[in-house]
Amino acid sequence: MRLSRYFLPVLKDNPAEAAIASHRLMLRAGMIRQSAAGIYSWLPLGFKVLRTLENIVHEEQQRAGHIPMLMPTLQTADLWRESGRYDDYGEEMLRIKDRHGRDLLYGPTNEELITDIFRNSVHSYKSLPLTLYHIQWKFRDERRPRFGVMRGREFFMKDGYNFNVDEAGALHAYNRHLVSYLRTYERMGLKAIPMQADTGPIGGEHSHEFLVLADTGESEVFYDSAVTDLSLGDRAVDFDSVEQCQGIFEEFTTPYARTDETHDEALFAKVPAERQRTARGIEVGQIFYFGTKYSESMKAKVSSPEGKEVPVHMGSHGIGVSRLIGALIEANHDDKGIIWPESVAPFKVGIVNLKQGGEATDPVCEMLYQGLQLCGLDPLYDDRDERAGTKFASMDLIGCPWRITVGPRGLKNGVVELTNRRTGESEEMSPEAALDCCTQIFSAV
RNA sequence: CGGGGCGUGGCGCAGCCUGGUAGCGCGGCGGUUUUGGGUACCGUAGGUCGUAGGUUCGAAUCCUAUCGCCCCGACCA
């Protein structure tokens, strides 16, 4: 993308309404604009990151064998009356009436809707197991939205639902989701720790939530520092393997890690003192196993192998996709701006032309721009007629992981400068070498 | 929902106490200048001071109501 043709309204000053880094930087970098409290427009740069994260989630879900679909944002109240949650959910549910006076709601989650779809079409254990998911906008009418997209009212979320004929199958689905979520966060360059959690309004028997450590996190967390050393890395995972998923589940959930809601001082005390950690965390996902809670109330039953009609065992799982952007920035920024992990950066490489219109610089920038595009690296070429400082400041703010600086001074010696946003380290090399360097760096991502 | 605060040009703010019809910085536009980290100077455009009532000869300023937004807490993906 040529910056001169893009829409990137960056702000030089900090907006008064933003208290934390991610909110401030998303506004300043021209990623979002607030429309109402907790409701945001996603400008091109923010939208690009949102789509990138959505794609990663889709890929990892499907890798785990889950089936994508799409349910509407608006739901009828009837289903929620059937499950009993229409009254239980309270003020956070946005209720709407249509022209006929029928009660609708802007969905805060989709257990009822998916269960209704399931029960109308699935009647035999032979159709199971099944895990369906979608990525859709949700709405929860928070009393006090804050922190930008971290605690918005409208938010973009992946939610999935597994259906199994028995508890054992559902528990495998639970473990599989945990593994799949670990992979998803790792791909985004995030360290998210699964912690034993409360089941809240979803209800159920087991739940883990995934927390990204950050000072601005909403939850207080207690953990054994051994969990932060764990990583899936590039190990091959067979998502159908009950043993392997169970093994990874145990590996990641055996060290003590809990939020304040489930914290147990006595258990925590057994962690070696030098490994005890207290910190704050941002919740970026949660998985539940709730057995037959909804299938009983909503009569989602199948014929078992024995010919008996049994309620299905279910679980649900969510990843806050829009919130993840806030979490990513909280975990990856400095005083100049955002520092995107390479896998989620909206633009992988920024090209800064220090002398726009220059006889030496323009052709080199064009060559790099075309070359990086051919390599699929989605470069951002700052071809504006601006001063060097302005261009550097913009690049730093929006967080391109790599920057190629092309100036007359360097070109006299035949070199451009390749700079890493995170470390600030620069290296001079020929334009061709810079191109090679970038393609090599990103071939590994 | 309890407590606190703020609404004045695109952004950040001053003016309000002690009423006299709006100002600064950044940004925009046009120039000159400069050219490796938000350059300097000149010129210029842009605001019915959140909204509605009231008091007054006169209201951004005082009073009342209302809407919106932010912060702390409780609550929550």
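Letters A, B, ... mirror the listed sequences (proteins, then strands); counts begin at 1.
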Got a list of protein N/O to nucleotides 10-14 of chain B N/O distances below 3.5 Å?
unit_1 : atom_1 : unit_2   : atom_2 : d
C11(B) : O2     : Asp13(A) : OD2    : 3.3
G12(B) : OP1    : Ala16(A) : N      : 2.9

Nucleotide N/O of nucleotides 32-35 of chain B paired with protein N/O under 3.5 Å:
unit_1 : atom_1 : unit_2    : atom_2 : d
U34(B) : O2     : Arg387(A) : NH1    : 2.5

Presence of salt bridge, Asp103(A) and Lys97(A), under 4.0 angstrom: yes
Members of residues 57-76 of chain A that approach RNA chain B, where some heavy atom sits under 4.0 Å away: none
Lys/Arg N to Asp/Glu carboxylate O, Asp141(A) vs Arg95(A), below 4.0 Å: no
Residue closer to the 5' end of RNA chain B, Ala18(A) versus Ser394(A) (nearest nucleotide): Ser394(A)
Salt bridge Arg119(A)-Glu112(A), side-chain N to carboxylate O under 4.0 Å: no
Just the table, please: protein N/O against nucleotides 2-5 of chain B N/O, every pair under 3.5 Å.
none

Presence of salt bridge, Glu342(A) and Lys348(A), under 4.0 angstrom: no
Presence of Gln34(A) side-chain N/O under 4.0 Å of C70(B) phosphate oxygens OP1/OP2: yes
Which residue lies more 5' along RNA chain B, comparing Thr390(A) with Glu209(A) via nearest heavy atoms: Thr390(A)
Sugar-phosphate, base or nothing in reach of Gly285(A), heavy atoms under 4.0 Å: nothing
Results of side chain to side chain donor-acceptor pair (under 3.5 Å) for Glu186(A) - residues two or more places apart only: none
Met31(A) side chain near Ile338(A) side chain, heavy-atom distance below 4.5 Å: yes
Donor + acceptor pair across side chains of His208(A), Tyr289(A) (<3.5 Å): no
Sugar-phosphate only, base, or nothing, as touched by Gly424(A) at under 4.0 Å among non-hydrogen atoms: nothing
Salt bridge Arg85(A)-Asp88(A), side-chain N to carboxylate O under 4.0 Å: no
Closest to the Glu283(A) side chain, choosing from A77(B), G38(B), C76(B): A77(B)
Pair Asp159(A) + Lys138(A), salt bridge at N-O below 4.0 Å: yes
Under 3.5 Å: donor-acceptor pair, side chain of Thr292(A), backbone of Ser295(A): no
Polar side-chain contact Arg151(A)-C75(B) base: donor and acceptor under 3.5 Å: yes
Stacking check Phe392(A) vs G38(B) (5.5 Å / 30 deg): no
Of all pairs that satisfy ring pair (Phe, Tyr, Trp, His ring centres under 6.0 Å), the ones with a partner from residues 325-362 of chain A, not counting sequence neighbours: Tyr6(A)-Phe347(A)
Side-chain donor/acceptor of Arg403(A) to backbone N/O of Thr419(A), under 3.5 Å: no
Spacing between Glu154(A) atom CD and A77(B) atom P, to the nearest angstrom: 18 Å
Lys12(A) side-chain N/O to G38(B) phosphate OP1/OP2 under 4.0 Å: no
Side chains of His317(A) and Asn162(A), donor plus acceptor under 3.5 Å: yes
Sugar-phosphate only, base, or nothing, as touched by Gly318(A) at under 4.0 Å among non-hydrogen atoms: nothing
